[in-house]
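Structure, as structure tokens:
Each chain gets a letter, A, B and so on, in the order its sequence line appears, and its residues count up from 1.
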Number of protein chains: 2
Amino acid sequence: MTQPPPPARRTPLSRDRVLRAAVALADRTGIDALSMRKLAQELGVVPMALYKHVANKDQLLDGMVDFVLGEIGPPAPGPDWQSAVRARILAARSALLGHTWAATVVRSRTAPTPALLAYTDSLIGLFRTGGFSVDLTHHAMHALGSRLLGFTQELFDDSPGPAPADPAVLRAMAANYPHIAELAMAAAHDEKSVVGPGCDDQFEFEFALDLLLDGLERLRRRGWSSVG
Amino acid sequence: MTQPPPPARRTPLSRDRVLRAAVALADRTGIDALSMRKLAQELGVVPMALYKHVANKDQLLDGMVDFVLGEIGPPAPGPDWQSAVRARILAARSALLGHTWAATVVRSRTAPTPALLAYTDSLIGLFRTGGFSVDLTHHAMHALGSRLLGFTQELFDDSPGPAPADPAVLRAMAANYPHIAELAMAAAHDEKSVVGPGCDDQFEFEFALDLLLDGLERLRRRGWSSVG
DNA sequence: ACCTGAACACCGTTCAAGT
DNA sequence: ACCTGAACACCGTTCAAGT
């Protein structure tokens, strides 16, 4: 006659709760350690329960991207298109930098999510109201690419390793790659660097961004057109 | 007394043979279908046999990248730094485009491989002999990033799907994302596009590349310095 | 000493059996 | 109708047993 105790159900699962847990888990343990099984365990739930709220893992990752993009906030009006676009891109950058895995996951997506479409649409709007033709806006969007979200793909991770390598190895490096060695030496002694010896990612990002935005402004003023 | 027939050994395994088979398999079946187990099967070998020639799968992928980079060929001298750099980057691009998986795999690598270091070194050399300071060269390399290898990360894949979607969906898209719709309409009707309606990737790549190279040349002429 | 089959510790997802 | 445990079809890699 005694009924079994009701299962100690936590607040019922929802898509939102699944996504929040996934973001938190990825923040804590890294994106490689995020699996459907571990996420289910985290939520005190059997793996298959997740599939009621996300169709599959790809859709989970899409949702996580949208969650982060939601932290960007609305565009702030600027005195001109260039500072408005610049501010918006840097806002996206700081949102993505808040989650170490975010840029990696965005890179792996191919289909746009609603938040990404909305963000893209707002940026196109900034160009158009700033006096860009449809044609030039189109090429500007392609030229900026992932930089619109505040990150870039570097050739390789050039942050200096924890310990300087074996001197013999270093000497061999310098002999084989003299130009790289010259750059590395200069960067290592760079006083202005914020992060100590090595490269200041934020400076490099803004340097490249301004190079592109300045170039685009020059084309706009010139009335550039790809069909001309 | 009858000896067992000698095992019908194919030419013995070597690192080079493993890498060539991996490249061929990835070319044929895509990078997602490339597993250590399938590669071993392709070579008529037990999976563990591969581990004598590559330490693990990461090192296999590194080797594959180096194989593709080896197809770039040596730098050709140009009349000026800008055309020399441009030609070298476009050569890298065409090498990578020969393997659909190459850009994806390069993106996933973090440590540089010998061929990538050699390529990077040669590009730095082109800047330096072209009159760039160490400082400006450093920032130029960061600004170009993966574009040095001839590819960029787009925000999302905007190539038009095979069939135009449900008209109701299209109308909803246009209502929610008016600026994107405007661009998409213009691109779809673009006569000059090489690939039919849609975007001409090669044009977009060169547009952005020239925007950056032109900007860098302007900085070089001005004697720009980050510590100034 | 060398080689390798079986095993380990995972995956994402399907599916049928249970309530 | 709903839920879920077990199973399926894979992974990369370790390791001990066999030659």
Side-chain angles (χ1 to χ4, degrees), chain A residues 1-15 17-19 21-23 25-26 28-65 101 104-105 107-111 113, chain B residues 1-15 17-19 21-23 25-26 28-65 101 104-105 107-111 113:
Chain A
M1 293 300 279
T2 55
Q3 291 190 340
R9 266 263 172 270
R10 307 151 78 84
T11 47
L13 230 50
S14 69
R15 186 180 153 87
R17 226 166 74 79
V18 169
L19 294 181
V23 167
L25 187 58
R28 187 151 35 85
T29 65
I31 195 66
D32 285 341
L34 177 77
S35 68
M36 297 298 275
R37 291 165 120 107
K38 291 226 188 87
L39 177 57
Q41 190 184 333
E42 189 79 5
L43 286 160
V45 139
V46 85
M48 278 312 295
L50 301 176
Y51 286 80
K52 182 149 303 160
H53 302 99
V54 289
N56 49 40
K57 193 178 183 183
D58 264 347
Q59 213 182 80
L60 175 75
L61 294 172
D62 281 344
M64 293 171 70
V65 166
W101 46 271
T104 306
V105 174
R107 261 196 286 272
S108 74
R109 309 292 77 204
T110 60
T113 54
Chain B
M1 292 299 279
T2 56
Q3 290 189 341
R9 266 262 171 270
R10 306 151 79 82
T11 48
L13 231 48
S14 69
R15 187 180 151 86
R17 226 165 75 79
V18 168
L19 293 181
V23 166
L25 186 58
R28 186 152 33 85
T29 66
I31 195 68
D32 285 341
L34 178 77
S35 69
M36 297 297 275
R37 292 165 119 105
K38 291 225 188 86
L39 177 57
Q41 190 184 333
E42 189 78 7
L43 286 160
V45 140
V46 86
M48 278 313 295
L50 300 177
Y51 285 81
K52 182 148 304 160
H53 302 99
V54 288
N56 50 40
K57 193 179 182 182
D58 265 347
Q59 215 182 80
L60 174 75
L61 293 172
D62 281 345
M64 292 170 70
V65 166
W101 46 270
T104 304
V105 174
R107 261 196 286 272
S108 75
R109 309 291 79 204
T110 60
T113 53

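- Expressed to the nearest 0.5 Å, how far NZ of Lys57(B) lies from CG of Leu39(B) amounts to 9.5 Å.
- Remark: the separation of the P atoms in dA9(D) and dA9(C) is 22 Å, to the nearest Å.
- For the pair Leu61(B) CG and dC11(D) P, the interatomic distance rounds to 14 Å; values are reported in whole Å.
- Using a 4.0 Å cutoff on non-hydrogen atoms, the parts of residues 29-41 of chain B near DNA chain C are Arg37(B), ordered by number.
- Rounding to the nearest 0.5 angstrom, the gap separating the CE atom in Met64(A) from the CG atom in Leu25(A) is 8.0 Å.
- Listed nucleotides: dG5(C), dT4(D), dT13(D). Nearest to the side chain of Val46(A): dT4(D).
- Residues forming a side-chain hydrogen bond (donor to acceptor under 3.5 Å, both in side chains) with Arg37(A) (at least two apart in sequence, or on another chain): none.
- On the C1' atoms, dG12(D) is 23 Å away from dT14(C), given to the nearest whole Å.
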Could you write out DNA chain D as dot-bracket? Rules: Watson-Crick or G-U wobble, both distances under 3.5 Å, brackets [ ] for crossings, | for pairs with another strand, dot for unpaired. ||.|||||...|||||.||
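- Distance, Tyr51(B) OH to dT4(C) P: 15 Å, rounded to whole Å.
- For Leu13(B) and dC2(C), the CG to C1' distance is 15 Å, given to the nearest whole Å.
- In this view, Arg15(B) satisfies the side-chain hydrogen bond (donor to acceptor under 3.5 Å, both in side chains) rule with no residue, not counting sequence neighbours.
- Look at CG on Leu50(A): it is 17 Å from C1' on dC2(D), rounded to the nearest Å.
- With rounding to whole Å, Lys52(B) atom NZ is found 16 Å from dT13(D) atom P.
- For the pair Arg109(A) (side chain) and Asp58(A) (backbone), a donor-acceptor distance under 3.5 Å is present.
- Once rounded to the nearest 0.5 Å, the distance linking OG1 of Thr104(A) with CZ of Arg107(B) reads 11.5 Å.
- Annotation: side chain of Trp101(A) is not in contact with side chain of Asp32(A) (no heavy-atom distance under 4.5 Å).
- A close approach under 4.0 Å does not occur between any side-chain nitrogen or oxygen of Lys57(A) and OP1 or OP2 of dT13(C).
- Of all non-hydrogen atoms in Leu34(A) and Ala22(A), the two that sit nearest each other are CD1-O, 4.0 Å.
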Protein-nucleic acid N or O pairs under 3.5 Å, nucleotides 15-19 of chain D:
none

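- Taking the P atom of each, dG18(C) and dC8(D) are spaced 16 Å apart, rounded to whole Å.
- Asn56(A) CG to Asp62(A) CG: the interatomic distance, rounded to the nearest 0.5 Å, is 8.5 Å.
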Side-chain donor-acceptor distances from residues 43-55 of chain B under 3.5 Å, at least two apart:
| from | atom 1 | to | atom 2 | distance (Å) |
| --- | --- | --- | --- | --- |
| His53(B) | NE2 | Leu13(B) | O | 3.4 |

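- Atom C1' of dA16(D) sits at a distance of 12 Å from the matching atom of dC3(C), rounded to the whole Å.
- Within the 4.5 Å cutoff, side-chain heavy atoms of Met36(B) are placed close to those of Leu60(B).
- Taking atom CG of residue Leu43(A) and atom P of nucleotide dC3(D), one finds them 16 Å apart after rounding to whole Å.
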